[in-house]
Enquirer: 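My questions all concern the structure below.
Keep in mind that this is a model prediction, so the values were computed, not measured.
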2 protein chains.
Amino acid sequence: MAEDGPLKMADVARLAKVSMSTVSRALADNPLIPEDRRREIQRIAAEAGYVINQSARSLRMRKTQTIGVVFPLGHDVGQLISDPFFIEMFGRLADEITTRGYQVLLCRVTDTSDGWLNRIIQSHRQDGLVIVGQSDQHEALNHAAESYHPLVVWGGHLSGQVYCSVGTDNIGGARRAVDHLLGLGRKRIAFLGMLELPEISLRYEGYVRALRAAGIEHDPALVIPAHFSFETAYEAARELIESGTPFDAIFATSDIIALAAIQALAAAGIDVPGQVSVVGFDDIAIAAQSTPPLTSVQQDLAKGARTIVDLLFKRMAGEDAPSATLLPKLVVRKSCGG
Amino acid sequence: MAEDGPLKMADVARLAKVSMSTVSRALADNPLIPEDRRREIQRIAAEAGYVINQSARSLRMRKTQTIGVVFPLGHDVGQLISDPFFIEMFGRLADEITTRGYQVLLCRVTDTSDGWLNRIIQSHRQDGLVIVGQSDQHEALNHAAESYHPLVVWGGHLSGQVYCSVGTDNIGGARRAVDHLLGLGRKRIAFLGMLELPEISLRYEGYVRALRAAGIEHDPALVIPAHFSFETAYEAARELIESGTPFDAIFATSDIIALAAIQALAAAGIDVPGQVSVVGFDDIAIAAQSTPPLTSVQQDLAKGARTIVDLLFKRMAGEDAPSATLLPKLVVRKSCGG
DNA sequence: CTTGCTTTTGCAATCGATTGCGTTAGCGTA
DNA sequence: TACGCTAACGCAATCGATTGCAAAAGCAAG
């Protein structure tokens, strides 16, 4: 009957015939307690099935051994699971965090009303925060970062940014993708994405720069707003096609958007890559498996997650860690021909 | 300067010129405090940027507003992220849980030494547990379930099972898949999977029953152990091919295994579905996108997750919720011909 | 002005661990 | 035996909220 009672440290103390102080220190491997006695107390605790109550421990120590991972992305329930990119990022972050002996708390933010970030921070549920994606919360992040240090953001590096961020070189990645399309002789390249999001607007910047460098006039009719979900992206692509605006290539700002575009093109009887070349962004797992396999700008998520968590732990230790930028790589597959 | 200080409830009490008791009740919308005063105190607290400290609250209330999601699956770091099935399941669970106003704590178990489950339970970090996959921990789960009620497991329903589980009808699903292959005229059907895992052994049961019903002799040489990772599955398929054992179909116990097998077959110059039909299990997102598109036994994860969380909340409320079984559906695509 | 009842409010104990500081035990030396 | 010193150990305060119980305040009727 030992192991299912709601055992407290005081019970263990009684069993071991010492004070709670001693039990606490023994379980924490505090050298104030002689080695053999420590082992003995640990054995007694383990045999009794005793486990430290983390709520009490967190309160007293003011730390939770937990990292919060926050997704401030959109309000609809479907968002989290719909995007393979975020899911993969989450998995990688979880690996890095648990490897360091911390727990992972998932925070989905559906209510971005004033002070949402402060509400998370002050709840003291976690010792540090990773924010995946800036969404439209640049200001809120900047403000929070002023007083809260253990915070790292995955996203683009923006001007006037106070918080620490890790992200791909969005401008360079987009530039590389569009340059590749131009190199294939494509001249009317459509851009699919939400300009309101910082990372996407950086990719747009790269798109524009590539066109300008090639001396090609930039046609606003080719810039199509497209959300991250497959359905809305499909719709956006269909409208582009039906608009009659001529185009011979698509630069999609995510793989999901690219895949949706490919399906929309196929439905319209347009050959990829024969008539239209398509390039995506992220290089998620499906990209290599699609038909045709998708050319995409690869973000090294494993490295990204490692960097994020490294920086976060530095900041938790009080050091001041700078933002980091990762170099993207263009992975060429069949979807753009050549 | 209000909102960045480490404000405590006592500070709010001072601001509002009432006692802490009153603040606590006001923030909890306790009708003991008159409506207008409640609003007033809430406003003062919000303006000061005060947020309740969850560690303290959890300790006192003995509840954390958190559900733990546990993956007891394998010890290597790569496991979590490698399997799209678990990732998708996690996303769906997270949706269901956060929708109910609870937080999600991810517990990756790397140390399954004696009492691992008890260590999680007694840490009191969560109010309830979802265990994704039984792995080889049937006994441990049974034992824990005797004294700990808010616990639901995703997995197969086994004989002598005490804990509450939700899962697909593995036997029926496998039966349907193999029946379909038999219907196509296939007679030498290989089975790829780890028999040690309960769910897989149930699928094996369905495989055997289908063969028996068709009057086909069951050849042990066609039963190949294969882990869930792509690389090891590829290796297993390659060995089957090289063994020279004749076969005209593969029933893979997961889509990842199926996709690995298809690639191994392609590498050996064997046509799918021309020479060999392949069926997978799970129907993950990639299945529809692969070349050729994969026939697979679909598990309705959205419904599964909803059911799991429903049952869990019932159990947390003290009701006794029974196990549930979901009906799988065979999604026929090109990989098995026909 | 009492009395009696209801509505508000606050005191103080409690949740279960950690830790600064003071006390005791143990041992060696004079 | 007395004294000094260090190594072990325990007392009690503390972390920040919640809540049972009792007291105070408000109000109406007698």
Enquirer: Specify the residues of residues 60-68 of chain B, ordered by number, for which at least one heavy atom lies under 4.0 angstrom from an atom of DNA chain D.
Expert: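 Correct list: B:R60, B:M61.
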Enquirer: Just call it for A:S24: base, sugar-phosphate, or nothing, with non-hydrogen atoms closer than 4.0 Å on any strand.
Expert: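 If one applies the 4.0 Å heavy-atom cut-off, A:S24 turns out to touch a base.
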Enquirer: Hey, does A:I67 have a side-chain heavy atom less than 4.5 Å from the side chain of A:Q103?
Expert: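 They are not in side-chain contact.
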Enquirer: On DNA chain D, compare the nucleotides closest to B:R25 and B:N53; which residue's is nearer the 5' end?
Expert: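 Result of the comparison: B:N53.
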Enquirer: Assuming nearest nucleotide by heavy-atom distance, tell me which of A:A28 and B:V18 is located more 5' along DNA chain C.
Expert: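 The answer here is B:V18.
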Enquirer: Have a look at B:L32 and say if it touches a base, only the backbone sugar-phosphate, or nothing, with a 4.0 Å heavy-atom cut-off.
Expert: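 Base, at least one base heavy atom under 4.0 Å.
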Enquirer: Is it the case that the side chains of B:R119 and B:S113 hold a donor-acceptor pair, with the cut-off being a distance below 3.5 Å and no angle test?
Expert: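 Yes, because at least one side-chain N or O of B:S113 sits under 3.5 Å from a partner of the opposite role on B:R119.
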Enquirer: What I'd like to find out is whether the side chain of A:T112 reaches to under 4.5 Å of the side chain of A:D136, using heavy atoms alone.
Expert: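 Not in contact.
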Enquirer: I'd like a table of atom pairs between the protein and nucleotides 22-28 of chain D - only N or O on both sides, under 3.5 Å - with the distance next to each one.
Expert:
none

Enquirer: Decide, yes or no, whether a salt bridge links A:R100 with A:D310 under the criterion of side-chain N to carboxylate O below 4.0 Å.
Expert: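 Yes, charged N to carboxylate O under 4.0 Å.
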Enquirer: Salt-bridged, B:E40 to B:R37, with N to O below 4.0 Å?
Expert: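 Here B:E40 does not pair with B:R37 in a salt bridge, since their nearest N and O are not under 4.0 Å apart.
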Enquirer: Treating A:Q161 as the side-chain partner and A:L141 as the backbone partner, does any N or O pair qualify as donor plus acceptor under 3.5 Å?
Expert: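 The answer is no, because no donor-acceptor pair under 3.5 Å joins these two groups.
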Enquirer: Whole Å only: how far is the CE atom of A:M9 from the P atom of D:dG10?
Expert: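 Roughly 14 Å, once rounded to whole Å.
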Enquirer: Quick one: on DNA chain C, does B:A56 or A:L27 contact a more 5' nucleotide (nearest heavy atom)?
Expert: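 The residue whose closest nucleotide sits nearer the 5' end is B:A56.
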Enquirer: For the pair A:F71 and A:F90, name the ring-plane relationship: parallel under 30°, tilted 30 to 60°, perpendicular over 60°.
Expert: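 Aromatic pair A:F71/A:F90 classed tilted.
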Enquirer: Pairing donors with acceptors under 3.5 angstrom, does anything connect the side chains of B:S19 and B:T22?
Expert: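 On atom types as modelled, these side chains qualify, holding a pair under 3.5 Å.
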Enquirer: What is the 5' to 3' range of DNA chain C, first to last nucleotide, that sits under 4.0 Å from any heavy atom of chain A?
Expert: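 The contacted stretch runs from C:dG16 to C:dG20.
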Enquirer: Reckon A:S21 touches a base, only the sugar-phosphate, or nothing at all at heavy-atom distances under 4.0 Å?
Expert: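 The residue A:S21 makes base contact.
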Enquirer: Check the orientation of A:F85 and A:W154. Use parallel for under 30°, tilted for 30 to 60°, and perpendicular for over 60°.
Expert: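 A:F85 and A:W154: tilted rings.
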Enquirer: Is a salt bridge present between A:R39 and A:E35, judged by a nitrogen-to-oxygen distance below 4.0 Å?
Expert: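 Yes, charged N to carboxylate O under 4.0 Å.
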Enquirer: Salt-bridge test for A:R14 and A:D11: reply yes if a basic N is under 4.0 Å from a carboxylate O, no otherwise.
Expert: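 Yes, this pair counts.
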